[in-house]
2 protein chains.
Amino acid sequence: MPVEQAVGAWTTIRETIERIAPIPESEWAYACARMRPLSLLKGQHLIREGDRVDRLYFVMEGLLRVYYPTPERELNRSFVFAPRFFTNSISFREQLPSHYAVEALEPTDLYYVTYEMVQASYDRHPFWEHFGRLMAQQEFLQKEWKEWRFRRFSPAEHYQYLQEHVPRLIHRVPLYHLASYLGVTPETLSRIRSRRSG
Amino acid sequence: MPVEQAVGAWTTIRETIERIAPIPESEWAYACARMRPLSLLKGQHLIREGDRVDRLYFVMEGLLRVYYPTPERELNRSFVFAPRFFTNSISFREQLPSHYAVEALEPTDLYYVTYEMVQASYDRHPFWEHFGRLMAQQEFLQKEWKEWRFRRFSPAEHYQYLQEHVPRLIHRVPLYHLASYLGVTPETLSRIRSRRSG
DNA sequence: CCCATGCCTTGATCCTCGTCAAGAAATCGG
DNA sequence: CCGATTTCTTGACGAGGATCAAGGCATGGG
């Protein structure tokens, strides 16, 4: 990777961290030295069901699809737009096999650090405990709102909400994937869309 | 409250905390001195939609129902069995009005500490930051599993799962409340139940 | 430029679940 | 123990979404 790209990447990571809490220089240097790059082509999998996920990823560029693979059909759980941290929290924290799979919907660049490194950081400097708490709390709040949306909105209302608040979802995710996310068939989503605009 | 009861209560709280992380004696004394009791009769509300929740509760005894009040019907979001910590995380952390209501399904005893006290604790001793992180992460994992159950299970499968893994839900929560939790009408839940046993 | 592929739409049919209505069973207070 | 209220069940009906099937429309590779 050319140097300029790497520098831009690290700026993005640092900004993402500092949106949560300011990071001491020593700890930033420590983290930088331990991040490793990884790239996925469109359609490649980052995680397959059953994998043990022992890495914390930062999605630098691209788009991931998180889905539950069931015998009958795939159920889309979420979509991960760069830039963002991402891991399978259950697998990462509890050392369990992943209950979902993750696929790149676009060519995707990531960095990652290992479980051991994350655990070691907590003993290294109070910043990491602080950051970890704020991060976990923020993740929790996002899930709380998501639960609220899924319970209170009908699929049609939910689609309208996403159109207004997360338009990149409608523009960058194929509609048949979005349909599965909303809990309906592609046919039904198509009819929702035609009812709204027509 | 008689002394013996208070002592039993505090043992319960301490055990709940130490299931997450061992608490230093100084911090335990600090917390104890700041907890206040509160009791609810069956049917009373702990939180109404729109309230600002600035307390972190510990549910000592009893059972709470958390629900989204919508114009047409109430949607049950969760049930809170003692002993457990509980608050509206969004309202508590972001100082926003509550998007749900909380009602006692049984006579319920609680203790609480205030937002200011929780915030102050983070500067007091590293234990609280550590505890806060582990707590938030644990809450997140529980929501992750809940999301999984709601996506992968049909209402009938979900009912069977709850029967096997959380039988107290079926025994202590009225079925029409459970139906709303599962996302079906009481009539449909009744038919699910008769299909299974018959 | 054209064909193949993947994605989206439209139509017809079936089936499940919500709704409305009534009645049975359980619970509670007096 | 009894009556009133709440909770649960059962039945009939209708609306809406899943399914099956086919056709349209992009997009990209040759």
Side-chain angles (χ1 to χ4, degrees), chain A residues 41-45 62-63 65 67-68 70-76 79 103-107 150-163 167-198, chain B residues 40-45 62-65 67-68 70-76 79 103-108 150-160 162-163 167-198:
Chain A
L41 300 175
K42 177 173 171 172
Q44 276 192 313
H45 274 77
L63 172 57
R65 171 175 78 101
Y67 66 97
Y68 304 118
T70 83
E72 314 90 49
R73 78 192 78 239
E74 294 175 354
L75 301 171
N76 292 324
F79 303 95
E103 174 204 44
L105 287 184
E106 301 175 359
F150 269 93
R151 295 305 298 267
R152 289 218 38 173
F153 292 164
S154 66
E157 291 167 337
H158 204 165
Y159 176 78
Q160 197 187 356
Y161 170 89
L162 296 176
Q163 235 182 353
R168 61 184 181 179
L169 253 188
I170 282 113
H171 296 122
R172 284 170 66 187
V173 173
L175 290 173
Y176 66 97
H177 278 324
L178 192 62
S180 160
Y181 176 77
L182 293 173
V184 295
T185 58
E187 292 91 331
T188 297
L189 177 56
S190 176
R191 289 178 179 116
I192 287 171
R193 282 158 53 81
S194 65
R195 259 182 283 163
R196 290 232 147 269
S197 52
Chain B
L40 296 173
L41 301 175
K42 177 174 172 169
Q44 275 191 314
H45 274 77
L63 172 57
L64 303 173
R65 171 175 77 101
Y67 65 97
Y68 303 119
T70 82
E72 314 90 49
R73 79 191 75 239
E74 294 176 354
L75 300 172
N76 292 324
F79 303 95
E103 174 203 43
L105 287 184
E106 301 175 359
T108 299
F150 269 93
R151 295 306 297 269
R152 289 220 37 176
F153 292 164
S154 68
E157 291 167 336
H158 204 164
Y159 176 78
Q160 198 188 357
L162 296 176
Q163 235 181 354
R168 62 186 181 179
L169 253 187
I170 282 112
H171 297 124
R172 284 169 67 187
V173 173
L175 290 173
Y176 66 95
H177 277 325
L178 192 62
S180 159
Y181 176 76
L182 293 173
V184 296
T185 59
E187 293 91 331
T188 297
L189 178 55
S190 177
R191 290 181 178 113
I192 287 170
R193 282 158 53 81
S194 64
R195 259 182 284 162
R196 290 232 148 266
S197 52

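Naming convention: chains lettered A, B, ... in sequence-line order (proteins, then strands); numbering from 1 in each chain.
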Base of D:dG11, side chain of B:Arg191 - is there a donor-acceptor contact under 3.5 Å?
yes
Could you work out which one of C:dC17, D:dT9, C:dT10 sits closest to the side chain of B:Thr188?
C:dC17
How close do B:Asn76 and B:His177 get, counting heavy atoms only, and between which atoms?
ND2-O, 2.8 Å
Please report, rounded to the nearest Å, how far the P atom of C:dC8 is from the OH atom of A:Tyr176.
7 Å
What is the distance, to the nearest angstrom, from the CG atom on A:Leu182 to the C1' atom on C:dC8?
16 Å
Does D:dT9 have OP1 or OP2 under 4.0 Å away from a side-chain N or O of B:Arg193?
yes
Please tell me which of B:Ser190 and A:Glu187 maps to the more 5' nucleotide of DNA chain D, matching each residue to the nucleotide holding its nearest heavy atom.
B:Ser190
Polar side-chain atom of A:Arg168 near backbone of A:Val173 as donor-acceptor pair, under 3.5 Å:
no
Is the shortest side-chain N/O distance from B:Arg73 to OP1 or OP2 of C:dT19 below 4.0 Å?
yes
Degree of bending in the helix from C:dC1-D:dG30 to C:dG30-D:dC1 once both end axes are built from five pairs, to 10°:
50°
Counting only side-chain heavy atoms from C-beta out, which of D:dC8, D:dA18, C:dT9 sits nearest to A:Leu175?
C:dT9
With nearest nucleotide decided by heavy atoms, which residue, A:His177 or B:Val184, maps closer to the 5′ end of DNA chain C?
A:His177
Mind telling me whether A:Tyr181 and A:Phe150 have parallel, tilted or perpendicular rings, with 30° and 60° as the class edges?
perpendicular
Would you find a donor on one side and an acceptor on the other, under 3.5 Å apart, between the side chain of B:Thr108 and the backbone of B:Leu64?
no
Here the distance between atom C1' of D:dG28 and atom NZ of A:Lys42, to the nearest Å, is 11 Å
Nearest to side-chain heavy atoms of A:Arg195, which nucleotide of D:dT19, C:dC17, D:dG17
D:dG17
Using a cut-off of strictly less than 4.0 Å, decide whether A:Thr185 has a side-chain nitrogen or oxygen near OP1 or OP2 of D:dA18.
yes
